[in-house]
Amino acid sequence: MSKVMVVTSGKGGVGKTTSSAALGAALAQAGQNVVVVDFDVGLRNLDLVMGAERRVVFDLVNVVQGDAKLPQALIRDKRLETLSLLPASQTRDKDALTEEGIGRVIEELRERFDWIICDSPAGIEKGATLAMRFADVAVVVTNPEVSSVRDSDRIIGMLDSKTLRAEGGERLQKHLLLTRYDPARAARGEMMKVEDVLEILAIPLLGIVAESPDVLTASNLGSPVTLHNPASPPARAYTEAARRLMGEEVAVVTPSPQRGLLSRLFGRRAAA
Amino acid sequence: MADPLESLAEAPTLPRLRIRGRSFMALVVAPEFPMAAWFAALDAQMRGVGDLFGERPVVADLSATADGGTEAPLIVLDGLEARGLRLVAVEGVDPRALAGTRWARLAMNLAGREMAVEPRAASEPAPPPPSEAPSLLIDRPVRSGQSIVFEDGDVTVVGPVASGAEVLAGGSIHIYGALRGRAIAGLRTGGAGRIFCRRLEAELVGVDRLYRTSEHWGEALQGRAVQVMCDRGALRLSALD
């Protein structure tokens with residue numbers, strides 16, 4: 001029973017690749033067989049975030065075009081046996097991908113893995129539509145700001161109309177992953193509230209990942225944050241999100257601001 | 001012979017023909033005595049409406065010819081054929097009356113369901129076929145980038161209409177949720193179209209070529225249940241609660 005999961009957002013820079021790597025690692029840490037596929041042909045990043053950039057020989061385009069076999073292109077993570085990466089090509093563009101070729105690769109991946117995580121490129125063009133085409137589950141990564149929310153809404157509309165499942169009359173499971181959430185700014189009303197985002201997008205919440213320097217540090221070191229610092233708040237948020245994906249019931253806790261002197265004063269005044 | 005027929009055709013007191021339809025859309029004609037007058041009326045009606053029978057099959061109800069002698073049914077059928085009617089069946093006549101003639105090929109007493117056919121009025125175009133779905137119901141959110149265009153009637157959305165989405169309707173628009181995108185009503189009905197929404201956070205609302213963007217209505221209406229209508233050439237927004 002393998003699941004194809006697309007991680008998408010419409011807008012760029014909201015944390016798709018970081019979330020793909022972190023969720024993939026978290027699922028793998030839970031014993032699942034996971035492959036993360038980079039669909040961002042021409043602007044690949046996932047290999048960097050997962051620390052595999054020096055091990056890329058063949059890539060997704062080679063496999064789609066039949067120049068390489070799937071096992072030749074798959075890169076197994078050195079830290080986690082059950083985690084693999086299928087990198088994108090940096091030198092080609094998205095026109096090198098065909099729906100038929102992707103379908104074949106996904107079918108082959110389904111035989112080997114429990115989870116096939118498709119890291120979608122930004123935008124709503126071919127790369128993004130191909131990444132979502134074969135999905136059973138979608139994780140919509142959104143920042144609590146209006147532009148990101150509107151783009152996510154657009155992507156949800158496409159998930160409901162342009163995927164194979166939607167065309168077959170089935171509904172595909174969609175989850176909202178709220179990233180770069182800044183509790184302090186949210187408390188000051190400078191950011192959209194979690195409820196407002198949920199009200200607009202009207203899909204279930206998978207998790208809230210707070211803005212954190214741990215995420216950037218982990219990316220720069222080429223390690224998914226759930227592997228690099230499992231005790232950090234973002235790693236815990238991703239691990240819990242992965243458990244929810246596996247069907248566990250875990251309550252979502254909205255991160256609260258860390259209480260410094262100023263915020264304490266501020267909080268009291270607000271409460272009074 | 002032609003002249004008296006001409007004058008008959010223009011007489012205002014012509015009998016109205018009994019024309020009935022069947023569910024397979026064959027037309028049934030029932031010639032009556034006096035036949036000359038009946039055929040004259042038929043000619044007049046066929047002239048008035050260029051395409052009275054069109055390609056439709058015709059069933060001849062010959063019950064009226066029963067006491068007109070053995071030749072009567074044949075003369076009537078010849079008369080109908082001469083006017084280009086596509087005869088497919090007869091009814092109300094003894095099959096033996098047609099035996100041995102070229103009309104014996106016609107079906108006898110076909111079963112069918114009677115239905116009303118409005119006689120087409122001369123000079124008026126055929127009425128448009130009734131719309132199959134005069135209203136459109138959407139019971140999921142209308143997402144950003146989606147465009148719902150329904151020119152035939154009203155649109156009802158159960159759910160929100162997102163920023164960057166648009167709903168255009170021939171009639172009115174009903175939104176049971178927040179309207180954050182655009183809504184334009186009255187594409188067909190004009191000023192009679194209205195927009196109703198449970199929460200107004202729209203980018204633009206319009207009815208019949210009049211529109212307003214959100215900066216035109218004040219904070220007072222923002223977030224409230226609102227109706228939008230045309231009022232003496234201007235767009236009026238008013239709270240519903």
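Within every chain, numbering begins at 1; the chains are lettered A, B, ... in the order of the sequence lines, protein sequences first and strands thereafter. Just so you know, these numbers come straight off a predicted model, no measurement behind them.
- Atom-to-atom distance recorded for B/Leu210:CG and B/Ile184:CD1 is 11.0 Å, nearest 0.5 angstrom.
- A/Glu100 pairs by the side chain to side chain donor-acceptor pair (under 3.5 Å) definition with A/Arg104, not counting sequence neighbours.
- Looking only at atom types and distance, the side chain of A/Asp119 has a donor-acceptor partner in the side chain of A/Thr17 under 3.5 Å away.
- Of all the heavy atoms in A/Val7 and A/Ser20, the pair that sits closest is CB-OG, 3.4 Å.
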Extract the chain A to chain B donor-acceptor pairs under 3.5 Å, no hydrogen or angle test applied.
{"unit_1": "A/Arg150", "atom_1": "NH1", "unit_2": "B/Ser163", "atom_2": "OG", "d": "2.9"}
{"unit_1": "A/Arg150", "atom_1": "NH1", "unit_2": "B/Glu203", "atom_2": "OE2", "d": "3.3"}
{"unit_1": "A/Asp153", "atom_1": "OD1", "unit_2": "B/Arg143", "atom_2": "NH1", "d": "2.9"}
{"unit_1": "A/Asp153", "atom_1": "OD2", "unit_2": "B/Ser144", "atom_2": "N", "d": "2.4"}
{"unit_1": "A/Glu199", "atom_1": "OE1", "unit_2": "B/Arg180", "atom_2": "NH2", "d": "3.4"}
{"unit_1": "A/Glu199", "atom_1": "OE1", "unit_2": "B/Arg199", "atom_2": "NH2", "d": "2.8"}
{"unit_1": "A/Glu199", "atom_1": "OE2", "unit_2": "B/Arg180", "atom_2": "NH2", "d": "3.1"}
{"unit_1": "A/Leu201", "atom_1": "O", "unit_2": "B/Arg143", "atom_2": "NH1", "d": "2.6"}
{"unit_1": "A/Leu201", "atom_1": "O", "unit_2": "B/Arg143", "atom_2": "NH2", "d": "3.0"}

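- Using a 4.0 Å cut-off between charged side-chain N and carboxylate O, A/Arg165 and A/Asp136 make a salt bridge.
- Most heavy-atom pairs under 4.5 Å with chain B, from the set A/Gly10, A/Gly157, A/Ala202: that is A/Gly157.
- Here the CD1-CG distance, from A/Ile155 to A/Leu201, works out to 11.5 Å after rounding to the nearest 0.5 Å.
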